[in-house]
Amino acid sequence: MVHAPRNALAAPPLDVDELCFRARGLDGLTIGELARRLGVTLPDEPRRAKGVVGELVELALGATAGSLDLPDFPQLGVELKTVPVDEQGRVTESTYVCAIDLDAIQHAEWRGSRVRRKLACVLWMPVQAAKQAILSERHLGTPLLWRMRGEAEAAIEADWRALVGRIAVGGIDEISAHLGEVLQIRPKARSASERVVVRGADGVKVETVRRGFYLRAAFTEAVLWGEM
DNA sequence: TATTGATCATGC
DNA sequence: GCATGATCAATA
């Protein structure tokens with residue numbers, strides 16, 4: 001995505017209230033209008049537009065972390081996630097959480113894990129669209145500031161423990177996206193041919209594809225509907 | 001047709 | 001290379 005002109009960039013919000021106020025101010029805006037305000041040209045091909053909406057909303061709200069391994073609003077400890085929903089409010093895609101260090105994760109603990117840090121506090125921004133709607137005609141919905149706790153945290157933690165345990169015992173080749181009630185592990189790589197070398201459970205080197213944690217759409221939907 | 005596996009773009 | 005931002009598109 002091209003850079004937005006300097007005068008279109010928002011300063012970082014000073015507190016969570018200001019962030020939420022700004023986010024509510026985007027409710028109803030189309031992506032086309034948001035891009036126009038920010039002076040950004042949208043890609044023509046949908047497959048070249050992955051991630052663009054998230055970047056636009058970051059710009060509009062004054063997110064600063066860039067590609068650092070920090071929340072989008074480091075001072076506030078808030079992570080921003082756009083989430084696609086259909087006309088009924090059904091979530092249509094899974095949500096990427098973070099990459100997995102396949103060597104380190106075998107010794108990781110839930111408290112202190114990247115998944116827990118990433119999801120501790122999330123500002124969800126729904127992006128509503130009819131099926132196959134073009135990017136510029138999708139529009140932002142009502143934002144939700146969410147803190148992971150209670151039932152939601154228990155479900156995510158249980159999956160995380162099961163998945164990490166399975167990697168530790170059987171190695172990464174035991175893992176498929178079918179595993180996990182709410183949290184799953186899927187490829188996250190430039191291409192399927194790109195390999196990383198990791199030490200398997202028995203210490204033997206194994207070549208595999210880079211992977212990340214994702215939240216299933218059904219879970220994110222429950223969050224947006226206030227059920228988690 | 002829901003879901004998994006694959007892929008696209010950018011920054012440092 | 002690996003982090004960020006996700007959605008596309010083939011398959012089950």
Side-chain angles (χ1 to χ4, degrees), chain A residues 1-4 9 26 31 34-35 38 40-74 78-88 90-105 114-115 117-119 122-138 140 159 163 172-198 207-221 224:
Chain A
M1 188 173 73
V2 295
H3 289 92
L9 294 177
L26 301 178
I31 301 308
L34 182 61
L38 293 168
V40 168
T41 305
L42 296 173
D44 294 325
E45 290 180 72
R47 65 193 185 92
R48 298 199 182 284
K50 300 178 186 180
V52 165
V53 173
E55 291 167 0
L56 289 175
V57 176
E58 283 185 352
L59 287 173
L61 294 179
T64 56
S67 63
L68 302 177
D69 187 13
L70 288 172
D72 294 295
F73 301 93
V78 176
E79 177 73 17
L80 175 67
K81 289 287 185 196
T82 59
V83 53
V85 301
D86 67 16
E87 291 161 303
Q88 282 72 243
R90 306 292 309 266
V91 171
T92 57
E93 286 284 356
S94 55
T95 298
Y96 173 65
V97 179
C98 60
I100 306 174
D101 182 331
L102 288 169
D103 289 318
I105 196 134
R114 252 165 103 187
V115 170
R117 256 191 299 148
K118 273 284 172 191
L119 297 177
V122 180
L123 179 63
W124 299 100
M125 285 290 283
V127 181
Q128 298 182 312
K131 278 176 186 167
Q132 305 198 340
I134 66 171
L135 184 60
S136 63
E137 291 177 1
R138 301 177 191 181
L140 296 170
D159 280 345
L163 289 164
I172 189 58
D173 290 335
E174 292 258 312
I175 298 293
S176 91
H178 296 93
L179 301 173
E181 297 282 329
V182 302
L183 187 74
Q184 62 182 168
I185 291 177
R186 305 224 305 277
K188 169 66 169 172
R190 297 293 300 192
S191 77
S193 57
E194 182 188 87
R195 317 303 284 182
V196 292
V197 178
V198 300
E207 278 196 2
T208 188
V209 66
R210 183 166 174 258
R211 289 160 217 246
F213 284 107
Y214 293 77
L215 289 174
R216 291 187 180 277
F219 175 83
T220 312
E221 188 173 297
L224 290 184

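Per chain, numbering begins at 1; letters A, B, ... match sequence-line order.
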_Earlier contact from the 5' end, DNA chain B, for A/Ser191 and A/Ala217_ = A/Ala217

*How would you label the contact of A/Arg90 with the nucleic acid (heavy atoms, under 4.0 Å): base, sugar-phosphate, or nothing?*
nothing

*Would you sort out whether A/Leu215 and A/Leu119 count as a side chain to side chain contact (heavy atoms under 4.5 Å, CB included), showing the intermediate values?*
CA-CA 10 Å; A/Leu215 289 174; A/Leu119 297 177; 4.0 Å; yes

*Any side-chain N or O of A/Arg114 less than 4.0 Å from the OP1 or OP2 oxygen of C/dT4?*
yes

_OG1 on A/Thr208 to CG on A/Leu102, rounded to 0.5 Å_ = 7.0 Å

_If I take atom CG in residue A/Leu215 and atom P in nucleotide B/dT3, what distance separates them, rounded to the nearest angstrom?_
15 Å

*asked:* Protein within reach of the bases, or only the backbone? For nucleotides 5-12 of chain C, mark each nucleotide 5' to 3' as B, S or -, using heavy atoms under 4.0 Å.
replied: BBBBS---

*Measure the distance from CD on A/Glu45 to P on B/dC8 and round it to the nearest whole Å.*
10 Å

*asked:* Using the salt bridge (Lys or Arg N to Asp or Glu O under 4.0 Å) criterion, which residues pair with A/Lys118? Sequence neighbours excluded.
replied: A/Glu79

*Would you kindly give the CZ-to-C1' distance between A/Arg195 and C/dG1, to the nearest whole Å?*
17 Å

*Atom-pair distance (CD1 on A/Ile175; P on B/dT4), nearest Å*: 13 Å

*Step by step, would you call A/Glu207 with A/Val196 a side chain to side chain contact (heavy atoms under 4.5 Å, CB included)?*
CA-CA 6 Å; A/Glu207 278 196 2; A/Val196 292; over 6 Å; no

*Figure out the CZ/C1' separation between A/Phe213 and C/dT4, and round it to whole Å.*
18 Å

*Using a cut-off of 6.0 Å, state whether more than 12 heavy atoms not belonging to A/Arg90 lie near its atom CZ.*
no

*Would you mind reading off the distance between A/Leu61 atom CG and C/dT4 atom P, rounded to a whole angstrom?*
19 Å

*Taking all non-hydrogen atoms of both residues, which atom of A/Gln184 and which atom of A/Ala177 are closest, and how far apart?*
NE2-O, 2.9 Å

*Using whole Å, report how far CG of A/Leu102 lies from C1' of C/dC2.*
13 Å

*Of A/Val57, A/Thr82, A/Leu61, which meets side chain to side chain contact (heavy atoms under 4.5 Å, CB included) against A/Leu123?*
A/Leu61

*Quick one: label A/Arg216 by what it contacts on the DNA or RNA (base, sugar-phosphate, nothing), any heavy atom closer than 4.0 Å.*
sugar-phosphate

*Rounded to the nearest Å, what distance is computed from the CG atom of residue A/Leu179 to the P atom of nucleotide B/dT4?*
9 Å

